[in-house]
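All values reported here derive from a predicted model rather than from experimental measurement. In what follows, chains carry the letters A, B, and so on, assigned in the order in which the sequence lines appear, proteins first and then strands, with residues in each chain numbered from 1.
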Amino acid sequence: MSLDGSLGIRVNGEHRRVPGGISIAEMVNGLGLDPFRVAVERNLEIVPRSHLRDVRVEDGDDYEIVHFVGGG
Amino acid sequence: MTVQQEIRADTWTVAGRTFTSRLIVGTGKYKSLEQNAAAVEASGAEIVTVAVRRVNISDPTQPRLTDFIDPQKITYLPNTAGCFTAEDAIRTLRLAREAGGWNLVKLEVLGEAKTLYPNMRETLRATEVLVKEGFEPMVYCVDDPIGAKQLEEAGAVAIMPLGAPIGSGLGLQNCVTIRLIVEGAGVPVLVDAGVGTASDAAEAMELGCDGVLMNTAIAEAKDPVLMARAMKSAVAAGRMAYIAGRMQKRRYADPSSPLAGLI
């Protein structure tokens with residue numbers, strides 16, 4: 001955690017800073033995404049959609065946020 | 001049931017879900033999402049394969065597949081394309097289940113980039129784990145009748161042998177082994193990969209396969225929407241020919257006009 005209370009996290013391999021105390025749903029929203037149209041993995045564990053509003057983002061978290069794209 | 005009735009009532013069922021269309025199409029390699037959606041529509045497919053990839057967080061406003069192909073109307077079959085280990089495939093499908101909310105998935109674990117041939121040891125291992133976790137995996141595999149049996153015993157809900165390497169368009173190179181798999185299987189068999197044109201799809205169906213899965217043959221056609229229509233007809237024609245029961249082959253001619261009354 002930094003002096004201003006913000007958290008350093010990784011999202012899809014990129015470093016990001018987010019305000020302390022926010023939920024995963026808020027973090028995903030902050031990226032411009034609808035948290036209920038993606039799947040979120042936090043530190044290699046799936047976070048069920050029903051928990052996205054309850055789980056707080058922690059400093060150092062590593063997230064993968066995925067969705068469906070065209071593929072064969 | 002007469003053949004007519006059989007054709008009318010001709011559906012197939014995988015993991016308790018019943019479908020009329022025996023053509024599954026991929027959603028990769030299209031010029032645009034609009035073209036992709038038009039091709040899916042023309043193909044009559046009720047199932048499309050989709051990939052699971054990172055959201056582009058630098059540009060979250062990019063158009064989404066789900067805006068063009070409605071997952072409420074078309075069954076999304078998430079795949080594990082690009083996975084070379086059981087672990088990667090399992091991780092991908094856990095995410096897919098969370099994104100889509102269903103258990104029916106397509107498992108593929110690849111062995112090498114050059115041929116994209118399945119790694120059967122990893123594929124079998126991944127199948128076992130996925131089934132334990134409640135997934136219903138339709139499994140891409142080599143055209144090995146024994147390997148296909150092992151996958152079925154492990155809980156694969158469909159066996160999907162390649163007809164030729166992914167994206168090659170070479171057509172079925174292995175009619176004998178595909179037929180052996182069909183004869184031995186207690187779950188649906190679909191040719192997955194290798195189809196290049198309509199006759200290849202018809203051939204797969206004439207062998208008694210329950211369906212065909214293709215992507216590149218449609219997406220890389222000069223007119224993908226027209227090719228999608230051609231594939232729809234070819235799958236239907238091949239299926240009808242299989243149900244109708246083809247004539248026996250002969251080594252010599254047999255005249256079609258009567259010999260009696262010849263002047």
Geometric cation-pi criterion, A:R10 with A:Y63: 6.0 Å, 45°: no

Counting heavy-atom pairs under 4.5 angstrom with chain A, the leader among B:R97, B:E98, B:K29 is B:E98

If you count heavy-atom pairs under 4.5 Å with chain A, which of B:N56, B:V55, B:T66, B:I24 comes out on top? B:V55

Tabulate, in ascending numerical order, the residues of residues 28-36 of chain A having at least one heavy atom closer than 4.5 Å to a heavy atom of chain B, or enter 'none'. A:L31, A:G32, A:L33

Under 4.5 Å from any heavy atom of chain A - which part of B:A193: neither

Distance only, no hydrogens: is a donor on one side chain within 3.5 Å (strictly under) of an acceptor on the other, for B:Q35 and B:S32? no

Ignoring hydrogens and angles, state whether a donor on the side chain of B:K106 or B:T80 is under 3.5 Å from an acceptor on the partner side chain. no

Quick check for you: among B:I57, B:V52, B:D192, B:N36, which has the greatest number of heavy-atom pairs under 4.5 Å with chain A? B:I57

Taking all atoms of both residues into account, what is the closest heavy-atom pair of B:P224 and B:Y30, and its distance? CB-CE2, 4.1 Å

Pick whichever of B:A99, B:G26, B:G101 has the most heavy-atom pairs under 4.5 Å with chain A. B:A99

If you count heavy atoms of other groups shown closer than 6.0 angstrom to CD of B:E133, is the number above 12? yes

Kindly list each side-chain donor-acceptor pair under 3.5 angstrom involving residues 69-77 of chain B, sequence neighbours excluded, with atom names and distances?
{"residue": "B:D70", "atom": "OD1", "partner": "B:Q72", "partner atom": "N", "Å": "2.8"}
{"residue": "B:Y76", "atom": "OH", "partner": "B:I69", "partner atom": "O", "Å": "2.6"}

Is the CD atom of A:E45 crowded by more than 12 outside heavy atoms at less than 6.0 Å? no

Which region of B:R64, side chain (C-beta onward) or backbone (N, CA, C, O), has a non-hydrogen atom less than 4.5 Å from a non-hydrogen atom of chain A, or is it both or neither? side chain

Going through the distances and angles, do B:D223 and B:R229 end up as a salt bridge (charged side-chain N to carboxylate O under 4.0 Å, His left out)? CA-CA 10 Å; B:D223 184 339; B:R229 276 174 59 195; over 6 Å; no

Check: A:R17/A:S6 side-chain N/O donor and acceptor closer than 3.5 Å: yes

